[in-house]
Amino acid sequence: MTVAVLALQGAFAEHGNMLERLGAEYFEIRKYEDIKRPFDALILPGGESTVMGKLLRELKLLKPIRERIEAGMPVFGTCAGLILLSGRVEPEMTRGCLGTMDIRVKRNAYGRQLGSFYTEGEFRGIGRIPMTFIRAPYISDVYGSTRILAETGGRIVAARQGNQLVTAFHPELSDDARVHKYFLDMIKEERDTKI
Ligand code: GLN
């Protein structure tokens, strides 16, 4: 199984380290040609969602990525990656650039300073995990078939809808590889249902 990590901007290297630790093959998508390589799943890292969205458009990566997600390819968005996947974004954008997931998200939701903090919380199906937030968004609402996977301080911070997994926090910045492992299991599930 091969995972692609979107590496236009932001905290992509840390995702690569996690995948390496878990023994998964991966490569980075930096330009249009990279999307032509075969891969089974995609990680959208944290960073700045507006910048990443602009680069995705300029590099003509937006449409092919959206089509693959809609066709069932597993995708994992952390923080800015979560914003890109959101069906509804507050305050500025009306829709994340990819907009494939039935979640409503609030950007920079805690205020500039308060948005960066560390806590621990329950993640459905995994247990208690570390959660590092950096100028984080939170999910203000889920709809459609989206399921909530984690909440902290009364806010939704992780969710899944079929092949799409999102966290408002950064599991790649901790030592704990269980959320990435959860994603790799999602990829296996997806492959098994295809066979
Ligand atoms: N605040 C950023 C945004 O709106 C997200 C921050 C992050 O990815 N750590 O894109």
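Just follow the structure's listing: the first ligand is 1, and inside any ligand the first atom is 1. Given the structure is predicted, the values throughout are model-derived calculations rather than measurements. The basis for the numbers below is simple: all heavy atoms, side chains too, and nothing from hydrogens, waters or symmetry mates.
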Which N or O atoms of ligand 1 sit under 3.5 Å from a protein N or O, and how far apart is each pair?
unit_1   : atom_1 : unit_2 : atom_2 : d
ligand 1 : 1 (N)  : Asn108 : OD1    : 2.6
ligand 1 : 1 (N)  : Arg135 : O      : 2.9
ligand 1 : 4 (O)  : Ser49  : OG     : 3.4
ligand 1 : 4 (O)  : Arg107 : NE     : 2.7
ligand 1 : 4 (O)  : Arg107 : NH2    : 2.7
ligand 1 : 8 (O)  : Gly47  : N      : 2.9
ligand 1 : 8 (O)  : Gly47  : O      : 3.1
ligand 1 : 8 (O)  : Ala80  : N      : 3.1
ligand 1 : 9 (N)  : Ile134 : O      : 2.9
ligand 1 : 9 (N)  : His170 : NE2    : 3.1
ligand 1 : 10 (O) : Ser49  : N      : 2.6
ligand 1 : 10 (O) : Ser49  : OG     : 2.8

key: Pairs flagged by ring-ring contact (aromatic ring centres under 6.0 Å, His included) wherever residues 157-178 is involved - sequence neighbours left out   = Phe133-Phe169
key: Partners passing side-chain hydrogen bond (donor to acceptor under 3.5 Å, both in side chains) against Asp34 (at least two apart in sequence or in another chain)   = Lys31
Basic-acidic side-chain contact under 4.0 Å: Arg155, Glu151 = no
message = Taking the basic N atoms (NZ, or NE/NH1/NH2) and the acidic carboxylate oxygens, is any pair closer than 4.0 Å for Glu189 and Arg160?
response = yes
query = Is the Phe76 to His180 ring centre distance short of 6.0 Å?
reply = yes
message = Using the side chain to side chain contact (heavy atoms under 4.5 Å, CB included) criterion, which residues pair with Ser140? Sequence neighbours excluded.
response = Glu90, Arg104, Tyr138
